[in-house]
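Accompanying notes for the structure given below.
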Amino acid sequence: MRAHWTIVAMSAAMQASPADPDEPIESTSGDLEIVDDAVQWPPIRVPRSRAKMVNFATGRELGTDEQDIGFSARLFAQVSLPQRNPGTIPYYERRNGDVRLTIRPALVTQKDGTREDRYPFGLLPRLALTYLSTEAFLTKSPVIDLGKSMRSFLAKLDVDYSGRNANLVRAQLQALFGAQISVDGLAVTDSGHGTVEEYFQIAKSVQLWWANKEGEGATGLWSSEVRLSEEFFQSIVNAPVPVDLKALRALGGSSLRIDIYMWATHRMFYLRRPTRIKWVDLNNQFGGQYARVRAFKAAFIKALHEVMIVYPTLNAEVHDDFLLLRPSLTHVPSNKPLRRIGQ
């Protein structure tokens, strides 16, 4: 009971969060003191991002917070988009066993008419993909409404509006919708073997109309929308990966945390026995873009521990040469009712 009370007390102290997501939170300052016979403890310093995760976990433990179910495309729960800008490389590649994802950059037209190659990377395209996948699955339509203003669309992604965020989202949407994607894998039959490759884009067509001024209530003349490609739409409708949207918000700020959560909750739907995964294979899969596997391993372990705050039933053990996964409860039970995103 004492441990449970401590978590609740810490959670309550964390409600007043600073603006900077990595700025530590503290309730008092100074060394241990005795004031009026009461013990004054030194400050508890917790980054705001971790406070969000602890608050989320506390709400779930107390049963005061229900899941808000969304969906992810299975492909992006298996292999990851770039975490950082790949730069000028001709293509980006990730592997998960025999499955290989290859992304070629979008050719984006600038306001001055010039054109440049651009990759989707970081947190924003991941949030956008989850929104698109959730809407597509629940509406059973490949046409997704993005709203009439950048402010309203950012609200759909649970991202604070600012000029910087608006510019980042605009650039990343162009890169995401224009990127050329291919997936290939090894095919083996009794008569021989070879490779099977599929080419697609996220979107078949896109119209983005944003208001020139993004004040409160400002809207564009037309609503922005995207029509998903048939291949991507069918992959969502036929085999979506259920995720907890509130968990994604609690994990926000780190694309690696998001990737690990997506992968783990998908993996536990079909994992039936303990499985060892080598660190070099995880590095090939998650696309951390680290020069050395050792650096990736350190970043992965840190992010995994944070994911396990919001997904405490995930049974994962870190070893020197591999990660051991044991069958665990899925994070989104299959009998949960489906609720529309944002409601």
Side-chain angles (χ1 to χ4, degrees), residues 68-81 91-106 119-120 124-146 153 156-157 172-189 194-208 223-245 248 258-259 261-270 285 287 330-332 334 336-342:
D68 186 7
I69 298 174
F71 298 91
S72 169
R74 183 172 59 177
L75 172 63
F76 295 108
Q78 295 174 302
V79 282
S80 303
L81 293 172
Y91 62 89
Y92 166 89
E93 182 179 283
R94 289 295 101 190
R95 288 180 176 272
N96 182 354
D98 292 332
V99 176
R100 177 172 58 188
L101 169 73
T102 303
I103 300 177
R104 291 174 177 82
Y119 283 97
L124 292 175
R126 287 164 166 81
L127 297 179
L129 278 172
T130 303
Y131 172 78
L132 295 172
S133 300
T134 300
E135 288 291 289
F137 182 81
L138 294 177
T139 64
K140 298 299 186 290
S141 171
V143 180
I144 311 298
D145 178 33
L146 303 183
F153 181 63
K156 295 176 188 291
L157 300 185
Q172 286 300 311
L173 286 180
Q174 291 176 314
L176 179 65
F177 295 146
Q180 304 288 327
I181 300 173
S182 66
V183 181
D184 65 84
L186 180 66
V188 179
T189 68
T195 59
V196 175
E197 192 157 2
E198 182 176 357
Y199 304 89
F200 68 95
Q201 287 183 274
I202 300 298
K204 178 181 179 181
S205 63
V206 182
Q207 60 177 36
L208 301 177
S223 180
S224 296
E225 69 176 31
V226 54
R227 177 180 290 274
L228 302 178
S229 69
E230 184 64 19
E231 294 83 3
F232 185 66
F233 175 66
Q234 289 300 327
S235 74
I236 297 166
V237 173
N238 295 332
V241 178
V243 296
D244 187 339
L245 297 175
L248 291 182
I258 297 295
D259 289 345
Y261 171 80
M262 294 281 199
W263 167 70
T265 195
H266 168 59
R267 191 74 185 259
M268 291 309 160
F269 273 98
Y270 63 86
Q285 175 182 347
T330 58
H331 196 243
V332 177
S334 58
K336 285 283 187 180
L338 307 182
R339 296 190 300 165
R340 186 175 179 81
I341 186 171

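These numbers come from the heavy atoms of this one structure, side chains and all, not from hydrogens, waters or symmetry mates.
For the atom pair Phe153 CZ and Leu173 CG, the distance stands at 5.0 Å (nearest 0.5 Å). Between atom CG of residue Leu146 and atom CD of residue Glu135 there is a gap of 9.5 Å, rounded to the nearest 0.5 Å. Between the NZ atom in Lys204 and the CG atom in Leu228 there is a gap of 11.5 Å [rounded to 0.5 Å]. Expressed to the nearest 0.5 Å, how far CG of Leu127 lies from CD1 of Ile258 amounts to 6.5 Å. Separating the CG atom in Asp244 from the CG atom in Asp68 is a distance of 7.0 Å, to the nearest 0.5 Å. Note that CG of Leu81 is 8.5 Å distant from CG of Leu75, once rounded to the nearest 0.5 Å.
Put simply, the side chain of Val332 does not reach to within 4.5 Å of the side chain of Val241, judged on heavy atoms. Proximity of Asn238 to Arg74: side-chain heavy atoms (C-beta onward) are nowhere separated by under 4.5 Å. The shortest side-chain heavy-atom distance between Leu129 and Ile202 falls under the 4.5 Å cut-off. A heavy-atom distance below 4.5 Å is found between the side chains of Leu248 and Met262. Using a 4.5 Å cut-off on side-chain heavy atoms (C-beta onward), Gln285 and Arg94 make no contact. For the pair Pro142/Gln234, no side-chain contact is recorded, criterion being any heavy-atom separation below 4.5 Å from C-beta on. Trp263 has its side chain out of reach of Ser80: every pair of non-hydrogen atoms, C-beta onward, lies at least 4.5 Å apart. In this structure the side chain of Val243 never reaches within 4.5 angstrom of the side chain of His331, judged on heavy atoms.
Taking the six-membered ring where tryptophan is involved, the planes of Phe200 and Phe232 are essentially parallel, since the angle between them stays under 30° and well short of 60°.
Side chain of Tyr92 to backbone of Leu101: no donor-acceptor contact under 3.5 angstrom is found. The backbone N or O of Tyr261 lies less than 3.5 Å from no partner atom in the side chain of Thr265, so there is not a single donor-acceptor pair. Although no hydrogens or angles enter the test, the distance criterion places no donor-acceptor pair under 3.5 Å between the side chain of Glu231 and the main chain of Gln201.
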| task | May I have the step-by-step check of side-chain contact (heavy atoms from CB on, under 4.5 Å) for Ser182 and Arg104, ending in yes or no? | result | CA-CA 9 Å; Ser182 66; Arg104 291 174 177 82; 4.0 Å; yes
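Across all non-hydrogen atoms, the minimal contact from Ile103 to Ala179 is CG2-CB, 3.9 Å.
For the ring-ring contact (aromatic ring centres under 6.0 Å, His included) with Phe137, the lone residue among Phe233, Phe71, Tyr131 that qualifies is Phe71.
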